[in-house]
Amino acid sequence: MTITVLTCRGVGEPFPSPMLANVTQLLDPRRFRVVAVPWEASYGPVPDPHGVSFDEALRTGREMLLENIADDPNPVVLVGYSAGAALAGHVAAEISWGNHPGLDLRGVGLISDPFRHPMNVVNATASGWGIAGRRIIPVAFPVWQLADPADVITCCPPDSPLRTIADQSTAFSLADPHAWVEDLLDRLRTRRWQATIRDWRNIPQVWRAYTRAISGVKGYLNGEHTSYHLRCYPGSTRTYCEWLADRINQVEE
């Protein structure tokens with residue numbers, strides 16, 4: 001039996017995904033069929049100035065990914081990087097909660113998931129959780145979370161002010177600024193914001209939070225988010241991508 005690996009690229013990546021190619025090229029071609037999901041992978045004006053918002057890209061990507069899984073005659077493994085990990089993780093969570101009975105999902109690999117939940121097993125050096133929030137995936141199948149501790153997208157400190165920026169920007173799009181304003185108003189009405197600094201009078205805490213946030217942004221700009229094919233998985237001689245490929249290769253029909 002063949003197993004289909006559906007890949008979801010990150011924002012701004014060329015299709016299908018240079019990062020995920022570091023995983024899929026190591027899979028046994030006799031057992032695995034790799035299919036890249038052509039979701040929009042857009043975060044407002046990135047990479048297209050008139051691109052849809054991240055929220056909208058996730059909405060349409062969810063429909064596409066569920067359709068791909070349902071239409072595939074083979075068991076499926078999902079793999080996503082960055083924004084693609086958000087998409088793959090959301091769909092995997094729905095399936096693991098039993099929302100889509102009949103879909104045969106054998107595992108999900110998430111590299112730098114911006115919604116990584118600390119309760120899902122991850123390398124011991126990872127801290128905090130995803131910059132966009134926490135989404136638990138019940139363990140109905142293997143969940144491989146890859147989170148480099150220097151990568152603020154998936155290892156964001158709990159009190160980081162960067163969380164507010166993430167909350168403010170997910171619905172932003174030059175193509176539909178009205179929807180962005182509506183989302184901001186709804187967040188204000190429903191208090192739909194991630195908690196960050198709780199006591200602004202605690203100057204040392206505020207100083208530490210902003211110092212870590214600045215360090216996280218510098219790390220992002222210096223490639224901490226894009227080095228999973230270069231850095232070794234903690235406690236292993238294999239890179240993060242190689243480590244994930246090893247786990248997928250162990251999936252049984």
Judged by atom type as modelled, is there a donor-acceptor pair below 3.5 Å linking the side chain of [X] to the main-chain atoms of [Y]?
X	Y	value
S236	C232	no
T239	E242	yes
N123	A147	yes
R231	Y240	no
E13	G10	yes
R238	A245	no
T4	N74	no
N68	M64	yes
D167	Q194	yes
S160	T196	no

Minimum-distance pair of heavy atoms, taken over all atoms of [X] and [Y]:
X	Y	result
P75	R106	CG-NH2, 3.5 Å
V122	A126	CG1-CB, 3.9 Å
P16	R9	O-CB, 3.0 Å
L110	G89	CD2-N, 3.8 Å
S42	G44	OG-O, 3.3 Å
W129	R116	CB-O, 3.1 Å

Is there a continuous path of hydrophobic side-chain contacts, each under 4.5 Å between heavy atoms, that joins [X] to [Y]?
X	Y	answer
L87	Y228	no
L146	V77	yes
L20	L27	yes
Y220	V217	yes
F115	L162	no

Using 0.5 Å steps for rounding, measure from the [atom1] atom of [X] to the [atom2] atom of [Y].
X	Y	atom1	atom2	answer
E40	L58	CD	CG	10.5 Å
H225	C155	NE2	SG	11.5 Å
D113	I137	CG	CD1	6.5 Å
E67	D72	CD	CG	12.0 Å
D186	R192	CG	CZ	4.5 Å
I111	W144	CD1	CH2	12.0 Å

Would you mind reporting whether [Y] and [X] have side-chain heavy atoms less than 4.5 Å apart?
X	Y	answer
L65	L78	yes
V23	T7	no
W39	C8	yes
L244	Y233	no
E253	R31	yes
L26	I248	no
S169	F54	no
P47	V11	yes

Quick check: are there more than 12 heavy atoms from other residues, nucleotides or ligands sitting under 6.0 Å from CZ of F141?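 Yes - once you tally the heavy atoms of other residues, nucleotides and ligands closer than 6.0 Å, there are more than 12.
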Is it true that, when you exclude Q250 itself, more than 12 heavy atoms of the residues, nucleotides or ligands shown sit nearer than 6.0 Å to its CD?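 More than 12 within 6.0 Å, yes.
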side-chain hydrogen bond (donor to acceptor under 3.5 Å, both in side chains) contacts touching residues 88-98 (sequence neighbours left out):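 Found R62-E94, H90-R135, E94-H100.
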Among I131, T226, I153, whose side-chain contact (heavy atoms from CB on, under 4.5 Å) with S112 holds?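 That would be I153.
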Just one of I69, L105, V91 clears the side-chain contact (heavy atoms from CB on, under 4.5 Å) bar with L6, so which one?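 When side-chain contact (heavy atoms from CB on, under 4.5 Å) is applied between L6 and each of I69, L105, V91, only I69 qualifies.
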Passes side-chain contact (heavy atoms from CB on, under 4.5 Å), T170 versus Y43? Steps please. CA-CA 7 Å; T170 58; Y43 204 107; 3.6 Å; yes
Show your reasoning for whether side-chain contact (heavy atoms from CB on, under 4.5 Å) applies to L185 and V181. CA-CA 6 Å; L185 291 174; V181 173; 4.2 Å; yes
Output all residues satisfying side chain to side chain donor-acceptor pair (under 3.5 Å) with R134, sequence neighbours left out; order by chain, then residue number.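 For R134, no residue satisfies side chain to side chain donor-acceptor pair (under 3.5 Å) once neighbours in sequence are set aside.
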Looking at R208 and D159, does any basic side-chain N land under 4.0 Å from a carboxylate oxygen?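 Result for this pair is no, no salt bridge flagged.
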Before you tell me yes or no, could you show the steps for F32 and N249 under side-chain contact (heavy atoms from CB on, under 4.5 Å), namely the whole-Å CA-CA distance, both residues' side-chain angles and the distance that decides it to 0.1 Å? CA-CA 8 Å; F32 295 95; N249 274 323; 3.4 Å; yes
Criterion side-chain contact (heavy atoms from CB on, under 4.5 Å) on L103 and L66, from CA distance to verdict: CA-CA 9 Å; L103 297 189; L66 284 170; 4.0 Å; yes
Between D55 and R59, does the salt bridge (Lys or Arg N to Asp or Glu O under 4.0 Å) criterion hold? Intermediate values first, please. CA-CA 6 Å; D55 284 348; R59 185 190 68 78; over 6 Å; no
